[in-house]
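The structure appears right after this line, and notes come after that.
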Amino acid sequence: MQEYQEHRRAAPAQKHRPLIVLTGPTAVGKTKLSLSLAKAVNGEIISADSMQVYRGMDIGTAKIRPEEREGVPHHLIDILEPEEEFNVVSFQKLAGQAMEDIYSRGKIPVLVGGTGFYIQAVTNAVDFTESETDTEYRRQLERFAAEYGAAALHKKLEQADPQAAAAIHENNIRRTIRALEFHRQTGGRISEHNAVQRSHDSPFELYYFVLTAPRETLYQRINQRVDEMLAAGLAEEVRTLRERGCARSLVSMQGLGYRELYAWLEGELPLEAAAEQIRQNTRHFAKRQLTWFRREKQVIWLDKSEFDYDDGKILAELCGRLPQGWCVS
RNA sequence: AGGGGUAUCUUCCAAGGGUAGGAUGCCGGUCUCCAAAACCGUUAAUGAGGGUUCGAAUCCUUCUACCCCUG
């Protein structure tokens, strides 16, 4: 094992193309820092954000406006209508294309965003297998679960893939369905597939930075940002989407802020209650993000409190961590 | 000042004198095709002091805090 790692390290690094990731919990300040980082390495930004891909969802996703981009090219923002589906596989494909594009210009891609799963799909080049999603089969299983219960559905998985069944809680219908779908499409077991995928290393010369801050600070920033979003007209943004016909069940309408205000527009709760839910759900989300990043290997944590919350100091640290020559300015 | 009422996890609500329980929050975790999603777990309380009783959140009593009514 030791030898193997030594060997890998000694292997020619030029085969691995450079990739920088800048992520962290929501509202920690990624966007602002990403601009100076991208400029420092003469890179281009690829948004790793499951919601910023949607046009017309600007306020609630804290999207950077074109005039704020300071000339840094941004990819994968505003590429879909809110009615369209989006998922990791699509993201992986599009991000891959954007990266080729950026490499062809001799520049470094900087993945910036808070969707850990999407980042992982790129940094680890996860193979999601060729097969397309089988919507029909998924619906069928959903109906089955609704009728006979989650436990009955889970029983099916025990037959097909006992390992996966052991790993997936029976209440987690969504993942149970995915495992069953995988089995039906490939005849194999997703548990084995995942184990293989987990084992391989990143094909990139990867620098994976996680920006963070003490929990209290983070929560304060979240609460404050939600208020700012509301003041900036988030409710109107959601109303517009709803009135143009966006259904509640859309993936885009599951976004933080959108879901809660949609419920408010439906008259299900008062505005202040919706606002409080947005704050709380966002705090929960930040916590889940941190849990995700803790699991990821080879991440470099940067706690803002250790740099006096000074982006200049943090940038200096970032450049210090990168190989010589990456930071050009 | 007098009269009445209420005190149980962060909060809300349970527990006919017999193992203090649930929801929520907090915290932690899972995750390889909806991931801003979906799901799981842990923790935590009888306001304080006396008394009755084999045994008290529960009955009695004093104190404290809060609420209501009267002046």
Side-chain angles (χ1 to χ4, degrees), chain A residues 23 25-27 47-54 57 60-63 80 82 84-93 113-135 137-139 142 145 150 153-154 164 166-182 184-186 188-200 202 215-216 219 222 225-226 229 234 247-262 276-296:
Chain A
T23 185
T26 187
S47 164
D49 187 299
S50 64
M51 290 295 153
Q52 292 189 1
V53 293
Y54 292 115
M57 294 173 58
T61 64
K63 200 182 284 170
L80 294 177
E84 296 183 86
E85 290 272 326
F86 193 60
N87 57 45
V88 219
V89 180
S90 316
F91 173 80
Q92 190 189 42
K93 206 169 294 173
T115 308
F117 189 29
Y118 286 10
I119 294 170
Q120 183 185 66
V122 170
T123 59
N124 284 7
V126 174
D127 170 24
F128 290 103
T129 72
E130 300 305 309
S131 53
E132 294 189 5
T133 57
D134 190 340
T135 318
Y137 186 54
R138 282 188 189 182
R139 291 234 176 87
E142 275 166 22
L153 182 73
H154 198 257
I168 301 170
H169 189 98
E170 68 173 32
N171 287 349
N172 202 339
I173 294 173
R174 194 175 283 193
R175 281 177 51 213
T176 305
I177 288 178
R178 170 57 192 152
L180 284 167
E181 179 192 51
F182 182 91
R184 177 186 162 105
Q185 288 179 334
T186 67
R189 294 174 173 178
I190 199 169
S191 54
E192 289 166 12
H193 176 261
N194 290 350
V196 172
Q197 293 305 308
R198 259 194 294 273
S199 67
H200 61 226
S202 175
R215 193 64 64 91
E216 287 166 67
Y219 284 1
I222 287 170
R225 191 161 82 164
V226 170
M229 284 177 174
L234 179 56
R248 222 177 158 169
S249 55
L250 288 172
V251 176
S252 57
M253 291 301 104
Q254 306 305 311
L256 287 165
Y258 297 89
R259 183 209 288 241
E260 297 84 353
L261 287 172
Y262 207 113
E276 191 46 43
Q277 275 195 15
I278 297 173
R279 290 183 204 107
Q280 185 172 93
N281 290 336
T282 307
R283 293 194 297 265
H284 287 169
F285 173 52
K287 209 147 66 66
R288 265 179 282 130
Q289 287 177 302
L290 289 168
T291 300
W292 178 280
F293 299 131
R294 276 185 213 123
R295 268 165 35 100
E296 288 288 333

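Just so it is clear, the values below take in all heavy atoms, side chains as well, and ignore hydrogens, waters and symmetry mates. Below, chain A is the first sequence line, B the second, and so on; all start at residue 1.
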Just to be sure I understand the rule, does [X] reach a base, reach only the sugar-phosphate, or reach nothing, if contact means heavy atoms closer than 4.0 Å?
X	result
A:Val88	sugar-phosphate
A:His154	nothing
A:Ser50	base
A:Ile190	sugar-phosphate
A:Thr282	nothing
A:Glu85	nothing
A:Phe182	nothing
A:Glu276	nothing
A:Tyr54	nothing

With no hydrogens and no angle check, is any side-chain donor or acceptor of [X] less than 3.5 Å from a backbone partner on [Y]?
X	Y	result
A:Gln92	A:Val126	yes
A:Tyr258	A:Ser252	no
A:Glu85	A:Val251	no

Does anything in residues 253-262 of chain A reach RNA chain B, meaning a heavy atom under 4.0 Å, and if so which residues? A:Gln254, A:Gly255, A:Leu256, A:Arg259

As a test of reading the structure: which of B:C34, B:G28, B:U30 is closest to the side chain of A:Arg288, going by heavy atoms? B:U30

Listed nucleotide nearest any side-chain atom of A:Asn194, set B:A36, B:U32, B:C33: B:U32

Dot-bracket encoding of pairs in RNA chain B, which uses [ ] for pseudoknotted crossings and | for another strand, Watson-Crick or G-U under 3.5 angstrom: (((((((...(((....[..)))...((((.......)))).....(((((..]....)))))))))))).

Distance between [atom1] atoms of [N] and [M] (Å, rounded):
N	M	atom1	result
B:C27	B:G18	P	37 Å
B:U10	B:G71	P	40 Å
B:A7	B:C12	C1'	15 Å
B:A20	B:G4	C1'	29 Å
B:U19	B:G55	P	15 Å
B:A57	B:C69	C1'	28 Å
B:C66	B:U8	P	14 Å
B:U46	B:C33	P	46 Å

Any salt bridge linking A:Glu142 with A:Arg139? Criterion: basic side-chain nitrogen under 4.0 Å from a carboxylate oxygen. no

Are the charged groups of A:Arg184 and A:Glu181 less than 4.0 angstrom apart, N to O? no

What closest approach, in Å, do A:Arg189 and A:Phe182 show between heavy atoms, and which atom pair accounts for it? C-CE2, 3.5 Å

Validation row: [X], [Y] side chains within 4.5 angstrom (heavy atoms):
X	Y	result
A:Lys287	A:Arg215	yes
A:Tyr118	A:Asp49	no
A:Lys63	A:Gln52	yes

Does [X] have a side-chain nitrogen or oxygen under 4.0 Å from the phosphate oxygens OP1 or OP2 of [N]?
X	N	answer
A:Arg175	B:A35	no
A:Arg178	B:C33	yes
A:His284	B:C26	yes

Sorted by position of nearest nucleotide on RNA chain B, 5' first, the leading residue of A:Arg198 and A:Ile173 is A:Arg198

Does either side chain, that of A:Thr26 or that of A:Arg225, offer a donor lying less than 3.5 Å from an acceptor on the other one? yes

Let's test your reading of the model: under 3.5 Å, does the base of B:A36 pair with the side chain of A:Asp49 as donor and acceptor? yes

Given the rule in the side-chain contact (heavy atoms from CB on, under 4.5 Å) test, do A:Phe91 and A:Val53 qualify, once you have shown the distances and angles that lead to the verdict? CA-CA 9 Å; A:Phe91 173 80; A:Val53 293; 5.6 Å; no

